[in-house]
Number of protein chains: 2
Amino acid sequence: MSIIAVGSMAFDAIETPFGKVDRIIGGAATYFAYAASNFVTPIRAVSVVGNDFPEAEMAELKRRGVAVDGIEVVKDQKSFFWSGRYHLDMNTRDTLVTDLNVMGNFNPVIPDSYQGSEFLMLGNTLPSLQSSVIRQLKKRPKLIVLDTMNFWIETALPDLKETLSMVDVLMVNDSEARQLTGEYSIVKAAKKILQMGPSYLIVKKGEHGALLFHDNHVFFAPALPLEDVFDPTGAGDTFAGGFLGHLARTRDVSFENMKTAIIMGSAMASFCVEKFGPERLKEVTLQDIETRVQQFVELVQFDIDLV
Amino acid sequence: MSIIAVGSMAFDAIETPFGKVDRIIGGAATYFAYAASNFVTPIRAVSVVGNDFPEAEMAELKRRGVAVDGIEVVKDQKSFFWSGRYHLDMNTRDTLVTDLNVMGNFNPVIPDSYQGSEFLMLGNTLPSLQSSVIRQLKKRPKLIVLDTMNFWIETALPDLKETLSMVDVLMVNDSEARQLTGEYSIVKAAKKILQMGPSYLIVKKGEHGALLFHDNHVFFAPALPLEDVFDPTGAGDTFAGGFLGHLARTRDVSFENMKTAIIMGSAMASFCVEKFGPERLKEVTLQDIETRVQQFVELVQFDIDLV
């Protein structure tokens, strides 16, 4: 099984209540690849970087089974750079700098070697680029997952709605689900979104976990209560990597298996936030993942002895 | 098994985005009793009301197995009255009016007929009154549960700490846990609180569920995602009623059984918020509770097929 992952590869400067880093590897496709490659390979990355993206990072990704044919390297420009400062609650942040650089002309091209991939992750970018990726695929993947953000809901809603009609799973946070539908109630928002195209909706709530909606069913996965969230950057993309990685590994896109996949995503995200950038993700072993997933089982399991 | 429940019995005026009521029955002991009496009787109420508290309400409580010997009726005063307005998110509210009336001189006296009760719920009130109740009991209950609020943390911290040292379970919301410990991280706050006396800590997070901490263990119970939260007033006391009701019915105060009890509490709370005041609680049947609890099972259960 193979997954195409479209998204940014970047440098981030991050400040949290626990410290700061001036320049660390970031980007949606990077986090996704580091998470998903624990479950399945190849992860076929589609992105664009400048002349400053480290060879060593690219080599490390390759070593983990990430295909890089779809990563364009622009020789005379710099990579995307984002800088932000998190507030104490870690759910809110201020963006300090956004230097699009090479991302300003990002035009994802799917290499022939990527055709036939069974899974597609469309990381957050311009909705018209996301739909262009789908159109470039000769065979529709088994499952297409879409991420987006408030900026596109505000500035590119018609394109976003068209892209939404082409995908299977939408993955957004609670405020984006509200903004997209005008419904404050997440349950009502979910009902509306499930009529826009996706059969599945995942609503990420950060430290409050995630909800999966499908037809009239709902599943809830908690976030692991952590002593410290060190750096939440990339947690959403890491979650997506664990989620889609598990689905691809098990070749099962049923609602039941998506529940387990969300736990896998939550487990991977719980590692991600323990260190700056993707550092922690590079260290974790399959044994670490297994142990962490067991903590999720213990976190929610209870016996029912009804009244 | 019997439960003593100490707390207010009152009138509330409530305004939510969905409507308003000018005068409806409220109070911590009332909500607790309506919830807990589904599981076990007697619920032995300790409270104070004025000359305006309806006979019919008192009769209805008695019919449900609530003992009222410990409810003082003050003939020449009015019952406690609270009025509040909820914001759209239903997690925040403005208090518009607080008329203490009879609650201003509340001095709980445990009747002889209440001695020997196995469970004690200390609803939110002056910490020195809560500890006086414990001192009045000739035999220590099997389990003592304490509720409190930010006001007492700010104005009566030494008394609160003394009371905390006498109880088994503290039940607070996330902001109260933070305020009590000065720790932003709920996990760190929990560790500190578990050194103040209680062996168990329940952190209520409203629509985001509840956490149970004990030693190094943690359990998470979600809130049921609802289309509309109509009126959250009393949800916390109702949660306490379901929680303690289940423990008393099963005569089992182990950590494992507390997990199930929290699900019962969450189920009862999910009914509470569906109508103004305790109206919905008066309607629910044991069959309704069983069906609702099954929804919680479906909400969180997943299969694990490890990596």
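First the proteins, then the strands, lettered A, B, ... as listed; each starts at 1. Keep in mind that the numbers below use all heavy atoms, side chains included, and drop hydrogens, waters and symmetry copies. Bear in mind the structure is a predicted one, so any value in this text is a computation, not a measurement.
Note: P225(A) leads G245(A), P225(A), A190(A) in heavy-atom pairs under 4.5 Å with chain B. For the set V300(B), L88(B), V229(B), L299(B), the entry with the most heavy-atom pairs within less than 4.5 Å of chain A is L299(B). Of the listed residues (H217(A), Q287(A), K191(A)), the one with the most heavy-atom contacts under 4.5 Å to chain B is K191(A). Each of E207(A), K188(A), E227(A) has some count of heavy-atom pairs under 4.5 Å with chain B, and the biggest count is that of E227(A). Ranking I186(A), D228(A), I262(A) against chain B, the residue ahead of the rest is D228(A), based on heavy-atom pairs under 4.5 Å.
Taking the six-membered ring where the residue is Trp, the centroids of F296(A) and F220(B) are separated by 6.0 Å or more.
A 6.0 Å sphere centred on NZ of K20(A) holds no more than 12 heavy atoms belonging to other residues, nucleotides or ligands. For NZ of K282(A), the number of neighbouring non-hydrogen atoms (other residues, nucleotides, ligands) closer than 6.0 Å is greater than 12. Counted within 6.0 Å of CG on N216(A), heavy atoms from surrounding residues, nucleotides or ligands total 12 or fewer; the atom is thus considered open.
With sequence neighbours excluded, the residues that form a side chain to side chain contact (heavy atoms under 4.5 Å, CB included) with E118(A) are M1(A), S2(A), K142(A).
Within the 4.5 angstrom heavy-atom criterion, only side-chain atoms of L211(B), from C-beta onward, approach chain A. Of the atoms belonging to E298(A), it is backbone heavy atoms, and not side-chain ones, that fall under 4.5 Å from chain B.
Proximity of a side-chain donor or acceptor of T260(A) to a complementary backbone N or O of F302(B) within less than 3.5 Å is not detected.
With rounding to the nearest 0.5 Å, the separation of CD in Q301(B) from CZ in F219(A) is 9.0 Å. Taken from CG in D303(A) to CD in E256(B), the straight-line distance is 6.5 Å, to the nearest 0.5 Å.
Shown here for S185(A) and L226(B), the closest heavy-atom pair between the two residues is OG-O, 3.7 Å.
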